[in-house]
Amino acid sequence: MKTMKRRPGMVMAGLATGLLLAAGGAGAQGAKVKVGFMLPYTGTYAALGNAIENGFRLYVQEQGGKLGGRELEYFKVDDESEPAKATDNVNKLVKRDQVDVLVGTVHSGVALGMAKVARETKTLMINPNAGADAVTGAMCAPNIFRTSFSNWQPGYAMGKVMAEKGHKRAVTLTWKYAAGDESVGGFREGFEAGGGKVQKDLTVPFPNVEFQALLTEIASLKPDAVYVFFAGGGAVKFVKDYAAAGLNKTIPLYGAGFLTDGTLEAQGDAAQGLLTTLHYADGLTNAKEKTFRAGYMAAYKAEPDVYAMQGYDAGQLLGAGLAAVKGDVKNQAPLIAAMEKATIDSPRGPFTMSKAHNPVQDIYLRKVEGKQNKVVNVAIKGLADPARGCKM
Ligand code: PHB
């Protein structure tokens, strides 16, 4: 290099690079906002990841492909619901692709790894599903938001519902990882506050679906009721196995609503009548739900589920932030302030952000009827996660 003479062309190239860099900086209307989807596109949660991306893209399309006046450019990483790969995967988006915003993920263990990197690099992160309590608890940060739920929220609501139904002794069953443990933790809190007692906690490693030994144990424990956390492909298998073992005739099964969301087509008869709690349901009558459902059907020829809705709302939340800074995604303080203040007109019903950046929202009791999770009532109105350990 040192012996090379500068040719005019090189100067031009240097100038062009400088201009490009300037265009990527503050307030640039030309450059696209880089959105990095880190989601499971394979494995037991693959359908969930796809629904989230579909929902997000639908909202952006409805806005003419722009948020805050800027076009979006998408980058994608399949996180495989594999916590051990979370740091490497999130760094592909943050360091290699240099995204402005991370959107992800589904699996709580992966989300914890993502949130750590987002915190350290101050990359804006919108979590459109994973419920890991710590994401808006001990790990809370100004640049981290969630448009879904904390694992505690639906669990706590179901504990309350089951106690009110007069169940006294319950067995819990879940995959052994953060989401399952915390969902059961919320359930225990609500159930025991209502006078119930958890007789035994059963677990199976994620994402195993060999349930027979556990079903045999439940049959011999004879609890009044069973509370479970399963989702995606595993939820399909569990609900079918529970019915095939005949347990649905003797011991009522309840769960966080993921048990029956996006799964009813595959679960068929085995799911009929199941009661679950979630921040979404079929049969809601708000105006946004109607346009969302129609738009999603038109775009993807499929009914939306809770995951699609959470992805759509991640788009809405980012839109609220970018509108406030006219697309200048690097102008983080006012962008974050706008996201904190936003009331999201969600298909679930309007919601706001807690101080820890988790939705304060109604949790519905739903009942499976045919292919629908029909809303029964509001189990708890305006439920906020306790955000334990969040200092913000
Ligand atoms: C989670 O890991 O937090 C999780 C995964 C799937 C769900 C809900 C929560 O449906």
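Keep in mind that what you see is a predicted model, and the values were worked out from it rather than measured. As the structure lists them, so they are numbered: ligands from 1, and atoms in each ligand from 1.
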Heavy-atom check, side chain of Leu173 versus side chain of Phe238, under 4.5 Å: yes
Close-range residues for ligand 1, whose non-hydrogen atoms fall below the 4.0 Å threshold: Tyr45, Leu48, Val106, His107, Ser108, Asn129, Ala130, Gly131, Phe149, Asn151, Tyr177, Ala179, Phe229, Ala231, Phe258, Tyr307
Modelled atom types, side-chain donor and acceptor of Thr172 and Asp201, under 3.5 Å: yes
Table please: side-chain donor-acceptor pairs of residues 209-219 below 3.5 Å, with sequence neighbours left out.
unit_1	atom_1	unit_2	atom_2	d
Thr216	OG1	Gln212	O	3.0
Glu217	OE2	Lys200	NZ	2.7

Side-chain ion pair, Glu303 and Lys371, N-O less than 4.0 Å: no
Residues which pass side-chain contact (heavy atoms from CB on, under 4.5 Å) with Lys290, listed by chain and number, not counting sequence neighbours: none
Any residue meeting salt bridge (charged side-chain N to carboxylate O under 4.0 Å, His left out) with Asp261, in chain and number order, not counting sequence neighbours: Arg366
